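Remember, predicted model here, so these are calculated numbers, not experimental data. Chain identifiers are assigned alphabetically (A, B, ...) following the order of the sequence lines, protein sequences preceding nucleic acid strands; residue numbering begins at 1 within each chain.
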2 protein chains.
Amino acid sequence: MCPIPVGIKRVAESTIHRLSHYWRVLIALEKEGYKTVSSRELAQREKLTPAQVRKDLSFFGSFGTRGLGYPVTQLKEQVSAILGTNQTWRVALVGVGNMGSALVGYKEFSRQGFNIIKLFDNDQRKIGSFHKGLIISDVRNLEVEIKQAGIEIAIIAVPSAVAQQVMDEIAKGGVKAILNFASVKLKVPGDVCIRNEHMSMELEHLSFALVNKITGKQCE
Amino acid sequence: MCPIPVGIKRVAESTIHRLSHYWRVLIALEKEGYKTVSSRELAQREKLTPAQVRKDLSFFGSFGTRGLGYPVTQLKEQVSAILGTNQTWRVALVGVGNMGSALVGYKEFSRQGFNIIKLFDNDQRKIGSFHKGLIISDVRNLEVEIKQAGIEIAIIAVPSAVAQQVMDEIAKGGVKAILNFASVKLKVPGDVCIRNEHMSMELEHLSFALVNKITGKQCE
DNA sequence: ACTTGTTTGTGAACGATTTCACATGGGCAC
DNA sequence: GTGCCCATGTGAAATCGTTCACAAACAAGT
């Protein structure tokens with residue numbers, strides 16, 4: 001909702017989101033052999049305006065060369081450092097059900113440095129068993145085991161009814177970043193950052209679009 | 001990005017999103033026995049301002065009674081009609097892999113009227129077999145079978161590399177609403193509405209928050 | 001019926017984000 | 001070294017979204 005303080009200035013939520021896009025484009029450009037790239041080219045690939053690209057980047061520093069553009073590899077690394085994707089993160093996943101299992105197997109997470117290293121569930125039949133090489137721990141030990149493993153990010157993939165409860169334990173465990181797949185609004189301590197992945201809401205947006213005959217670009 | 005024309009006026013993207021939230025709250029309120037609800041109460045439950053709630057709703061009509069508030073059941077139904085969740089939708093899922101399987105089993109979709117009635121994959125070993133009661137069709141028949149089944153919404157859960165290709169077939173099949181789980185920007189015809197579920201990007205947002213020591217509320 | 005209290009609906013003010021437009025400065029050719 | 005070209009970086013303007021503040025309207029009580 002409100003902008004995010006970084007240092008003194010404030011970044012727009014949307015800027016961070018676009019940064020993720022830039023990062024992906026830069027990786028692609030590097031593969032394609034580009035040495036430098038202009039804000040125009042970068043913008044075209046993401047259907048944005050060149051001005052937007054320059055504003056976004058200039059917020060974090062002066063990465064380009066006038067008359068030339070941005071050095072691809074270098075910018076890629078700088079964006080990566082800003083996003084924190086130049087390091088690996090220790091991730092715990094709570095709820096090894098339908099969705100949870102899929103997320104454990106989701107290659108892209110680990111490929112980008114998000115390593116799921118702990119699994120939790122409340123089902124006695126699952127606890128103690130292995131899932132894709134990881135043992136499933138009892139959710140009742142969340143707080144302790146999260147601390148021991150030095151978990152930095154937690155993914156909540158439990159039924160909505162117990163999500164808040166799980167959330168509270170995770171917070172007690174000192175985790176400051178949470179990705180929530182349960183479709184409820186969770187109460188979080190002031191120093192915890194939570195992102196919601198509300199899949200049903202995206203479908204509702206689509207049905208809204210269909211009912212109201214929204215077209216194409218206007219819908220994203 | 002840009003606002004969405006509904007009739008003549010334009011709705012903000014964020015308004016639609018909040019409408020989904022209101023709908024959920026209204027369902028809960030109805031269960032709790034509320035007959036009417038004020039914008040203040042509604043706002044509190046979603047951590048918004050009363051003015052925001054009134055602006056959002058007033059965009060679509062005049063649903064409340066001054067001095068009293070909004071009639072819960074009636075408003076719930078009106079919001080539902082606006083969102084298109086008062087009807088059922090025929091959904092196809094392409095890519096019965098890790099994520100795809102999880103989505104088929106995701107109860108909340110069907111509970112809200114989004115019925116996955118067709119599955120597609122390109123893996124010969126899967127084609128023809130049953131998955132949760134649905135037969136898996138050959139992705140090469142996408143266009144035809146989608147038309148035959150009268151599919152209205154498609155979910156793309158295939159590897160990024162083939163997502164665009166699948167997208168094109170879906171568009172040929174006449175589907176106007178797409179939920180995309182592949183982490184690439186897809187080119188879509190002007191009259192197709194696409195929503196992206198980029199899970200890695202949410203994690204990147206979290207790692208950004210951790211690196212930059214963003215706190216709590218500022219992060220959502 | 002009149003008055004009082006409450007809450008909606010909305011124009012106007014405000015704040016945030018995007019786009020514009022141009023001065024600035026580096027590369028490159030001669 | 002000089003001059004031209006080009007793309008960045010950035011204030012200023014425009015657009016978009018949120019909040020404020022209040023008039024209008026309805027309910028309830030007397």
Value in whole Å for how far the P atom of D:dC6 lies from CG of A:L68: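 Interatomic distance, CG of A:L68 to P of D:dC6: 12 Å.
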Nearest-nucleotide 5' precedence on DNA chain C, A:R66 against A:T15: A:T15
Side-chain N,O (B:Y70) to OP1/OP2 (C:dG9) below 4.0 Å: yes
Sidechain-backbone polar pair: A:N180 side chain, A:A182 backbone, donor-acceptor under 3.5 Å: yes
Between C:dG15 (C1') and B:Q52 (CD): distance, integer Å: 13 Å
Of B:S62 and A:R18, the one whose closest DNA chain C nucleotide lies more 5': B:S62
Side-chain N,O (B:R54) to OP1/OP2 (C:dT7) below 4.0 Å: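 For B:R54, the contact criterion (side-chain N or O under 4.0 Å from OP1 or OP2 of C:dT7) is not met.
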Which donor-acceptor pairs under 3.5 Å do the side chains of residues 162-175 of chain A make with protein atoms, sequence neighbours left out?
| unit_1 | atom_1 | unit_2 | atom_2 | d |
| --- | --- | --- | --- | --- |
| A:Q164 | OE1 | A:K187 | N | 2.9 |
| A:Q164 | NE2 | A:D168 | OD1 | 3.0 |
| A:Q164 | NE2 | A:K187 | O | 3.1 |
| A:E169 | OE2 | A:K172 | NZ | 3.1 |

Point-to-point distance, once rounded to the nearest 0.5 Å, from CH2 of A:W23 to OG of B:S200: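 Those atoms lie 8.5 Å apart.
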Closest to side chain of B:S38, choosing from C:dT19, C:dT7, D:dT8: C:dT7
Ion pair A:R18/A:E46, N-O distance below 4.0 Å: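 A:E46 and A:R18: not salt-bridged.
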Interatomic distance, A:T15 atom OG1 to A:D56 atom CG [nearest 0.5 angstrom]: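 Here the rounded value is 4.0 Å.
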A:R195 (side chain) donor-acceptor with A:L179 (main chain) under 3.5 angstrom: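 Not a single qualifying donor-acceptor pair exists.
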Integer-rounded Å distance: C:dT19 C1' and A:K47 NZ: 19 Å
Length of the CD-P vector between A:E13 and D:dG17, whole Å: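 My rounded result for the distance is 15 Å.
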Atom-pair distance (CZ on B:R10; P on D:dG17), nearest Å: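 Taking atom P of D:dG17 as the reference, CZ of B:R10 is at 10 Å.
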Side-chain N,O (B:T65) to OP1/OP2 (C:dT7) below 4.0 Å: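 No, outside the criterion.
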Can you give me the N/O atom pairs linking the protein to nucleotides 1-4 of chain D at distances under 3.5 Å, or say none if there are none?
none

Separation of C:dT8 C1' from B:F59 CZ (nearest whole Å): 18 Å
Nearest listed nucleotide, side chain of B:S39, among C:dT10, C:dT8, D:dT10: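 The listed nucleotide nearest to B:S39's side chain is C:dT8.
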Per B:A51 side chain, nearest of listed nucleotides C:dG26, D:dT19, C:dT8: D:dT19
For atom NE2 of B:H17 and atom P of D:dC16, their distance in whole Å: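 Atom NE2 in B:H17 sits about 21 Å away from atom P in D:dC16.
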Base of C:dT19 paired with side chain of A:K55 (donor-acceptor, under 3.5 Å): yes
A:W89 CH2 to A:I153 CD1 distance, which is reported to the nearest 0.5 Å: 6.0 Å
Length of the OH-P vector between A:Y22 and D:dT8, whole Å: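 Atom-to-atom, A:Y22 to D:dT8, this comes out as 12 Å.
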Nucleotide nearest A:T49 (side chain, heavy atoms from C-beta), chosen from D:dT8, D:dG17, C:dT19: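 For A:T49, the side-chain atoms sit closest to C:dT19.
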Main-chain N/O of B:N86 paired with B:S80 side-chain donor or acceptor, under 3.5 Å: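 Present.
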